[in-house]
**Student:** 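Before I ask anything, here is the structure I am working with.
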Amino acid sequence: MREVCSSKRVVMKVMVLVMVLCFNMGILPSMTSIQSNVVVTAEAATAGQKNALNAAKDYLHSMSFSKKGLIEQLKFDGYSTKEANYAVENCGANWKKQAVKTAKSYLDTMSFSKKELMEQLEFDGFTKSEAKYGVSKAYK
């Protein structure tokens, strides 16, 4: 997972370098707005936010979570609310797919009516829409 992050950083550095070269050659009229959008965004995350993001990705690689549930888990692990929120907003999770995985996991181990499964997913922190989607895909 860290190799992917490293590759993304290399690609971003190359992109910035290409843009600087294009600007110096007169191909780009203004570098200011491009630099602020690319470089500042990449460097804006604190060390805590980056660590929380890596932890969130690690968790999602091994189990399913609702957005709310993942925030709670990260906060339990000692990350601040700001760090946990940053992580869940930037981890790339599809919360509806997470609801499907969670619903299937429940059905693999226990018996649930559709209503009970829906209530359980909402209790786990999924939105009504996510829970409904999870139940519809998992309960066949």
Side-chain angles (χ1 to χ4, degrees):
M1 197 175 300
R2 294 186 194 269
E3 292 173 17
V4 172
C5 291
S6 174
S7 297
K8 286 181 180 179
R9 280 189 218 121
V10 170
V11 169
M12 185 170 290
K13 287 179 183 178
V14 170
M15 287 173 48
V16 170
L17 180 60
V18 168
M19 287 187 285
V20 169
L21 290 172
C22 289
F23 174 72
N24 289 337
M25 294 171 48
I27 296 171
L28 291 176
S30 170
M31 248 340 253
T32 308
S33 63
I34 294 172
Q35 284 179 329
S36 65
N37 287 338
V38 175
V39 178
V40 174
T41 302
E43 296 175 5
T46 65
Q49 289 171 326
K50 290 175 185 176
N51 288 333
L53 178 57
N54 287 333
K57 289 179 179 180
D58 288 344
Y59 274 122
L60 291 170
H61 182 70
S62 60
M63 61 190 81
S64 57
F65 279 90
S66 66
K67 184 176 182 178
K68 181 180 176 183
L70 186 54
I71 289 171
E72 290 173 3
Q73 181 61 51
L74 292 169
K75 286 170 60 177
F76 178 81
D77 291 346
Y79 293 102
S80 70
T81 300
K82 184 177 178 179
E83 292 165 340
N85 284 326
Y86 173 86
V88 298
E89 293 301 330
N90 292 282
C91 68
N94 179 320
W95 303 112
K96 285 187 174 183
K97 287 183 180 179
Q98 291 295 308
V100 173
K101 288 179 186 178
T102 302
K104 285 181 177 180
S105 176
Y106 277 127
L107 291 174
D108 285 344
T109 57
M110 297 175 246
S111 298
F112 281 92
S113 68
K114 286 183 180 182
K115 181 181 180 216
E116 289 172 322
L117 186 56
M118 179 91 168
E119 289 171 355
Q120 183 61 48
L121 291 176
E122 287 182 74
F123 178 80
D124 289 345
F126 289 101
T127 65
K128 190 173 195 92
S129 171
E130 292 162 351
K132 186 176 182 179
Y133 183 85
V135 170
S136 71
K137 296 295 182 184
Y139 203 99
K140 295 181 179 185

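Positions are given from 1, in the same order as the sequence printed here. None of the values given here were measured: they were computed from a predicted structure.
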**Student:** Any pair with a residue in residues 72-85 that passes salt bridge (Lys or Arg N to Asp or Glu O under 4.0 Å), sequence neighbours left out, goes on the list, sorted by first then second residue, please.
**Tutor:** none
**Student:** For Leu53 and Gln49: C-alpha separation, side-chain torsions, deciding distance, then whether side-chain contact (heavy atoms from CB on, under 4.5 Å) applies.
**Tutor:** CA-CA 6 Å; Leu53 178 57; Gln49 289 171 326; over 6 Å; no
**Student:** Identify the heavy atoms of Val88 and Cys91 that sit nearest to each other, and give their distance.
**Tutor:**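 Between these two residues, the closest heavy atoms are O-SG, 3.6 Å.
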**Student:** Could you list the residues that satisfy ring-ring contact (aromatic ring centres under 6.0 Å, His included) with Tyr106, not counting sequence neighbours?
**Tutor:**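 Result, ring-ring contact (aromatic ring centres under 6.0 Å, His included) vs Tyr106: Phe112.
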**Student:** Which residues pass the side chain to side chain donor-acceptor pair (under 3.5 Å) test with Ser62, sequence neighbours left out?
**Tutor:** none
**Student:** Evaluate the side-chain proximity of Met118 to Glu122: yes if any heavy-atom separation is below 4.5 Å, no if none is.
**Tutor:**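 Counting from C-beta outward, Glu122 and Met118 do come under 4.5 Å.
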**Student:** May I have the step-by-step check of side-chain contact (heavy atoms from CB on, under 4.5 Å) for Leu74 and Tyr86, ending in yes or no?
**Tutor:** CA-CA 11 Å; Leu74 292 169; Tyr86 173 86; over 6 Å; no
**Student:** State which residues pass salt bridge (charged side-chain N to carboxylate O under 4.0 Å, His left out) with Glu89; sequence neighbours excluded, sorted by chain then number.
**Tutor:**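 By the salt bridge (charged side-chain N to carboxylate O under 4.0 Å, His left out) rule, Glu89 matches Lys67.
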**Student:** With sequence neighbours excluded, give me every salt bridge (Lys or Arg N to Asp or Glu O under 4.0 Å) pair touching residues 91-106.
**Tutor:**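 Checked against salt bridge (Lys or Arg N to Asp or Glu O under 4.0 Å) - neighbours excluded - no pair reaches residues 91-106.
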**Student:** So, using side chain to side chain donor-acceptor pair (under 3.5 Å) as the criterion, who are the partners of Ser136 when residues are at least two apart?
**Tutor:** none
**Student:** Rounded to the nearest 0.5 Å, what separation is found between the CG atom of Asn90 and the NZ atom of Lys50?
**Tutor:**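 NZ of Lys50 is found 12.0 Å from CG of Asn90.
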**Student:** Quick one: side chain to side chain donor-acceptor pair (under 3.5 Å) partners of Glu130, sequence neighbours excluded?
**Tutor:**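 By the side chain to side chain donor-acceptor pair (under 3.5 Å) rule, Glu130 matches Thr127.
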**Student:** Output all residues satisfying side chain to side chain donor-acceptor pair (under 3.5 Å) with Ser66, sequence neighbours left out; order by chain, then residue number.
**Tutor:**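 Ser66: no side chain to side chain donor-acceptor pair (under 3.5 Å) contacts found.
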**Student:** Of all residues at least two apart in sequence or in a different chain, which pass the salt bridge (charged side-chain N to carboxylate O under 4.0 Å, His left out) check with Glu119?
**Tutor:** Lys115
**Student:** Measuring from atom OH of Tyr139 to atom CG of Leu107, what distance do you get when rounded to the nearest 0.5 angstrom?
**Tutor:** 7.0 Å
**Student:** Which residue pairs satisfy the ring pair (Phe, Tyr, Trp, His ring centres under 6.0 Å) criterion with at least one member in residues 116-135, sequence neighbours excluded?
**Tutor:** none
**Student:** Is there a path of hydrophobic side-chain contacts, each under 4.5 Å between heavy atoms, that joins Leu117 and Val100?
**Tutor:**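 They do not share one cluster, since no chain of ILVMFWY contacts under 4.5 Å joins Leu117 to Val100.
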**Student:** By side-chain contact (heavy atoms from CB on, under 4.5 Å), which residues pair with Ser111, not counting sequence neighbours?
**Tutor:** none
**Student:** Using the ring-ring contact (aromatic ring centres under 6.0 Å, His included) criterion, which residues pair with Tyr59? Sequence neighbours excluded.
**Tutor:** Phe65
